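Please read the structure below before turning to the comments.
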Amino acid sequence: MRHTIKFIFIFLIIALLGVLGFAYNYEEKPAPVEGSGSVVLEGTYECLPYIDTAPTENRVCDYGLITDTGEMYAVDFNQLLQAQAGLSGGDRIKAQGIFTPIETLSSDYLTKRYSLKGIFSVTDSFEVLEKNNSTSNGVISFDTPQDFGLATTVEQILVTSYIPPCDPNFDYCLYFNGKEYQNTNFGSAGIRIKKRTDLATVDACINTPPEGYVDMKPTNISSTGVYILSSFPIGDAGMGHYASGELYRLSYRGVCHEFETRISATQLANYPEGTKVEFKDEVLKERIKNVLQSVELAGGEVITF
């Protein structure tokens, strides 16, 4: 009898442990978000279009990936920064990475501005399938020639110089990255493009002196009936380095854009005698002028700088 009771007791313990184990193994756990995980995406890298109800203040060009079917993704390059270097709006790309659905995000900045499917973090592979040399912000467009790079952040400028090709306050920096002046005292060259939302009137856009110049007036103002363009000669020098260029202001349909050209060099006397050839800027000035002549308005009109 004792053996029978003992047997029943052990059986009940085993059964209880089995039930507990079953309950543990089948305990309800959060299901993975549908569609999240590693994916391969292909599409166009360009400015994401705003939704109609997006805030109108401080609108900027936030680049993202738009597939052929119209799905839009914010793109995160933090785990593969080299993939973003030299990437331009309009480039067709293919990449592998992690997809995070928009439903899991708490960022009002993204969800209130864009109709996104989610965030695509480039982690494993990346290639540019087709390079597009034309960039547009919806008001102006311009081309990037082969011997220039295009940057939308300071970190994307892949040349170094005592005087940088563009001051940091830019929407786009077209910087010269050719190699033909390596044995000269050449420093850098570039075109800084910035939408000046703070210059809200035509007069302010056309006549406000460049930063650092108090009383400077434009040396030239031209009007076509479609746009108004002004220009200011600017330059910089110090510590054996110098720069020269031109600052243009374009007023078109109530929007002001600023274009600043720059060519910099180091005084030849800063180098040991005979180690550098003197840099001549005539050819590079012409190349920069050609880049400016590629600027078009949204209606297709070319700007005459």
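Treat the numbers as computed from the prediction; the structure is a model and nothing was measured. Numbering of residues begins at 1 and proceeds along the displayed sequence. Below, each value reflects all heavy atoms present in this structure, side chains not excepted, and no hydrogens, waters or symmetry copies.
- A donor-acceptor pair is defined here as one N or O able to donate and one able to accept, closer than 3.5 Å; such a pair exists between the side chain of T261 and the backbone of E246.
- Residues F232 and Y248 keep their aromatic ring centres 6.0 Å or farther apart.
- Contact check on R192 versus E258 returns a salt bridge, with a Lys/Arg side-chain nitrogen under 4.0 Å from an Asp/Glu carboxylate oxygen.
- Using a 4.5 Å heavy-atom threshold, the side chains of T111 and I102 count as touching.
- A salt bridge links D68 to R92: at least one charged side-chain nitrogen sits closer than 4.0 Å to a carboxylate oxygen.
- For the 3.5 Å distance criterion, the side chains of T123 and S121 fail to qualify, holding no donor opposite an acceptor.
- A donor atom on one side chain and an acceptor atom on the other are not found under 3.5 Å apart for D167 and N169.
- Between the CD1 atom of I234 and the CD atom of E211 there is a distance of 10.5 Å, given to the nearest 0.5 Å.
- For the pair L48/Y63, no side-chain contact is recorded, criterion being any heavy-atom separation below 4.5 Å from C-beta on.
- Residues F148 and Y175 keep their aromatic ring centres 6.0 Å or farther apart.
- Between R287 and E180 a salt bridge is recorded (basic side-chain N to carboxylate O distance below 4.0 Å).
- Geometrically, K276 engages Y271 in a cation-pi contact defined by less than 6.0 Å to the ring centre and at most 45° from the axis.
- The ring-ring contact (aromatic ring centres under 6.0 Å, His included) with F186 is formed by just one residue from the set Y242, Y162, Y181; it is Y181.
- Under the 3.5 Å distance criterion, with hydrogens and angles disregarded, a donor-acceptor pair is assigned to the side chains of H257 and N137.
- Using modelled atom types, no side-chain atom of D143 and backbone atom of P145 make a donor-acceptor pair closer than 3.5 Å.
- Contact of the E296 side chain with the E301 side chain is not registered, since no non-hydrogen atoms from C-beta on lie closer than 4.5 Å.
- Under the 3.5 Å distance criterion, the side-chain polar atoms of N220 are left unmatched by any main-chain donor or acceptor of S231.
- Proximity of L65 to T44: side-chain heavy atoms (C-beta onward) are nowhere separated by under 4.5 Å.
- With hydrogens and angles left out, the side-chain atoms of S264 and S188 include a donor and acceptor closer than 3.5 Å.
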